[in-house]
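Lettering of chains follows the sequences in order, A, B, ..., and the numbering in each one begins at 1. In what follows, every heavy atom counts, from backbone to side chain, and hydrogens, waters and symmetry copies are set aside.
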Amino acid sequence: MAKINLKNLEKSYGKTKVLHDLSFDINEGELIVIVGPSGCGKSTLLRMVAGLEEVNAGSIFIDDKKVNDLEPMERNIAMVFQNYALYPHMTVFQNMSYALKILKIPKDEIYSRVQKAAEILELGELLERQPSQLSGGQRQRVAMGRAIVRNPAAFLFDEPLSNLDAKLRVQMRLEIKKLQTQLKTTSLYVTHDQVEAMTLADRMVVMNEGKVEHIGTPLEVYTKPKTLFTAQFIGSPAMNILECECKNGEIILSNGSTLKINTKHQGRANLGLRPEDFSIDENGPIKLKIELMELIGANTLFHCRLEKNNEPVVVSIPGVLENKYIGKSVGFSYDNSKIHLFAINSNQRIS
Amino acid sequence: MIEKKKSGYWLSHLGLCLGVLFIFFPVWLAFVGSTVTQDDILQPPYPVLPGPHFFENYSSALFQGGPDGYDTGQISVLKMLINSTIMALGITIGKIIISLLSAFAFVYFRFPGRKTFFWIIFLTLMLPIEVRIVPTYQVAANLGLLNSYTGLIFPLIASATATFLFRQFFLTIPSEMVEAARIDGATPMQFFKDILIPISKTNIAALFVILFVYGFNQYLWPLLITTTPDMQTIVMGIKFMIPTGDDYGHWPTIFSTAMLAMLPPVIIVISMQKFFVKGLLESDK
């Protein structure tokens with residue numbers, strides 16, 4: 001167990017700056033998920049912590065020790081890669097024990113450590129197999145086993161579930177969570193999948209274009225996104241953003257509909273409305289013209305347009321609804337306690 | 001439909017059989033020639049079926065370099081075979097080691113002049129031995145390498161082709177493999193030895209076969225670098241046995257030697273092929 005502190009990290013490739021002045025702390029035993037769209041620098045950040053990428057400016061501390069110039073091995077971290085990166089010519093046992101063999105740990109200790117890790121991961125019967133004889137999920141587990149046997153200060157996961165099919169991904173996600181709570185090893189987990197981020201994270205870091213947009217618990221990030229980007233990135237379907245005008249505690253949409261809210265903000269703003277916070281209400285203040293309905297099982301999605309000015313809005317209503325709404329105008333009300341307002345220029349949350 | 005398929009099957013089979021016969025016929029004539037007497041060969045017609053002198057011809061060639069009373073001025077074919085095999089193995093193993101190491105350096109290290117060196121090596125692909133044979137001979141002679149195994153092997157070891165081949169193969173290995181090894185704490189040489197070489201074994205086997213045959217068939221360089229008979233390779237030996245001018249030569253011996261000369265490459269190809277195919281089936285990156 002260790003804590004990791006990142007201070008003012010910067011990274012550029014040639015003239016392109018990929019990380020801008022990035023700082024945050026990871027507490028002992030915490031699982032931090034870094035989430036963001038592709039190209040936001042999240043993998044680069046992880047690889048810098050691992051020691052696979054050079055740090056241009058700033059510092060990385062693992063247990064208060066500056067590790068900027070240490071080899072990956074000397075940082076005592078273990079990494080799980082997206083494509084597993086198992087050694088194809090070695091058996092599962094050899095794969096898991098390679099790091100220990102290099103450390104010149106006595107054979108019987110290697111054996112007992114691998115056995116223990118194999119037991120945790122239910123790999124006991126596969127130890128003599130080659131990676132090519134394993135399924136994707138099993139390979140992923142071997143990759144984690146390789147990380148566990150070393151008792152590292154921290155685990156680094158680089159999109160470890162992206163190569164698995166949807167069902168297996170859900171299962172492995174639970175396993176990773178279980179494993180991490182059991183071992184209490186500090187972990188840094190990179191993903192572009194917001195569901196993974198929400199379910200796994202103790203705290204999550206939302207990144208965009210090399211900058212941190214929001215750090216917080218999944219619930220905080222979901223219910224009180226600090227920036228417009230976070231608001232749109234987290235949540236599926238994405239939050240609707242509409243331009244509005246705030247006047248004396250009222251929000252006036254561009255088509256004239258008004259919502260009541262307690263805000264001191266005056267003037268123009270971006271209004272964020274989560275699709276799932278709408279409900280059908282004939283007398284509701286928001287009138288939407290429904291263009292398309294998608295039945296996705298637990299919910300029904302309405303793809304609508306705001307009446308009068310045609311701005312697109314997505315609404316999600318629990319349950320399966322009939323198709324009778326298509327092409328009609330329907331009134332919706334919105335839970336006013338769940339209104340999100342963002343400043344026009346800075347895109348920061350208001351109140 | 002079925003009949004059509006059948007006739008097509010037999011036709012292609014027939015075609016292949018003819019091909020085999022066509023390729024095999026000269027080898028068969030050489031084999032027949034190695035089992036009859038000199039007189040049988042010199043008096044037409046040339047025999048088509050093997051004669052009774054197989055052991056006689058082969059043992060005299062193998063151990064004496066020719067029959068009793070026929071002075072070829074040559075060493076025994078066995079010695080030639082040993083020379084050739086040592087040379088071929090030396091060239092093959094040397095080439096593989098050197099090119100593995102240089103490809104490793106080119107792919108995994110960033111050193112000044114990396115690109116320049118790579119292109120210089122690449123350029124030598126365009127220079128066959130014949131082109132650089134005079135300066136190479138000069139250097140080898142000055143180093144005192146004439147009439148030695150070192151002289152036979154050493155100048156032929158550098159291989160742009162093999163370096164290029166391994167480089168291309170190393171480039172296909174996912175970078176995560178290197179990173180995983182770094183995180184596991186492997187030093188570059190440990191990575192090379194524990195991971196890179198084992199996963200290149202199919203390429204090594206394929207290259208071994210090709211390079212062994214290449215090394216075994218070398219003619220011009222051994223001809224230059226060796227002057228004493230006891231360093232003669234078998235390819236040179238055959239050439240010296242073939243009569244010039246009014247000489248008759250001793251054809252059963254020549255044919256026996258030719259048959260024997262085929263043996264080491266054939267053994268290597270057949271034995272390595274198994275390993276090579278097995279390796280191909282198991283490979284999984």
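- Atoms CD and CE, on B/E176 and A/M79 in that order, are 8.0 Å from each other to the nearest 0.5 Å.
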TODO: Evaluate the criterion side chain to side chain contact (heavy atoms under 4.5 Å, CB included) for residue pair A/K101 and B/D184; output intermediate values, then yes/no.
DONE: CA-CA 9 Å; A/K101 209 178 111 194; B/D184 275 349; over 6 Å; no

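- Here B/S175 contributes atom OG and A/N83 contributes atom CG; the two are 8.0 Å apart, rounded to the nearest 0.5 Å.
- Residues B/R182 and A/E71 form a side-chain contact, since some pair of their non-hydrogen atoms from C-beta on lies under 4.5 Å apart.
- Shortest non-hydrogen contact noted between A/Y98 and B/F191 is OH-N, 4.4 Å.
- For the atom pair CD (B/Q190) and CD1 (A/I102), the distance works out to 4.5 Å, reported to the nearest 0.5 Å.
- Counting only distance, with no hydrogens or angles, the side chain of A/H89 and the backbone of B/D194 share a donor-acceptor pair below 3.5 Å.
- Shown here is B/Y149, whose OH atom has more than 12 heavy atoms of other residues, nucleotides or ligands within 6.0 Å.
- More than 12 heavy-atom neighbours from other residues, nucleotides or ligands sit within 6.0 angstrom of CD on A/E175.
- Contacts between A/R47 and chain B at a heavy-atom distance below 4.5 Å involve the side chain alone, from C-beta outward.
- Heavy atoms from other residues, nucleotides or ligands lying under 6.0 Å from CZ of B/F111 number more than 12.
- For A/A78, the part lying under 4.5 angstrom from a heavy atom of chain B is the backbone only.
- Once rounded to the nearest 0.5 Å, the distance linking CE of B/M177 with CG of A/L86 reads 8.0 Å.
- Using a 4.5 Å cut-off on side-chain heavy atoms (C-beta onward), A/R150 and B/I183 make contact.
- The 12-atom threshold is exceeded at CZ of A/F81, counting heavy atoms of other residues, nucleotides or ligands nearer than 6.0 Å.
- Heavy-atom contacts from other residues, nucleotides or ligands closer than 6.0 Å to CD of A/E122 number 12 or fewer.
- With a threshold of 4.5 angstrom between heavy atoms, A/Y87 approaches chain B through its backbone and through its side chain.
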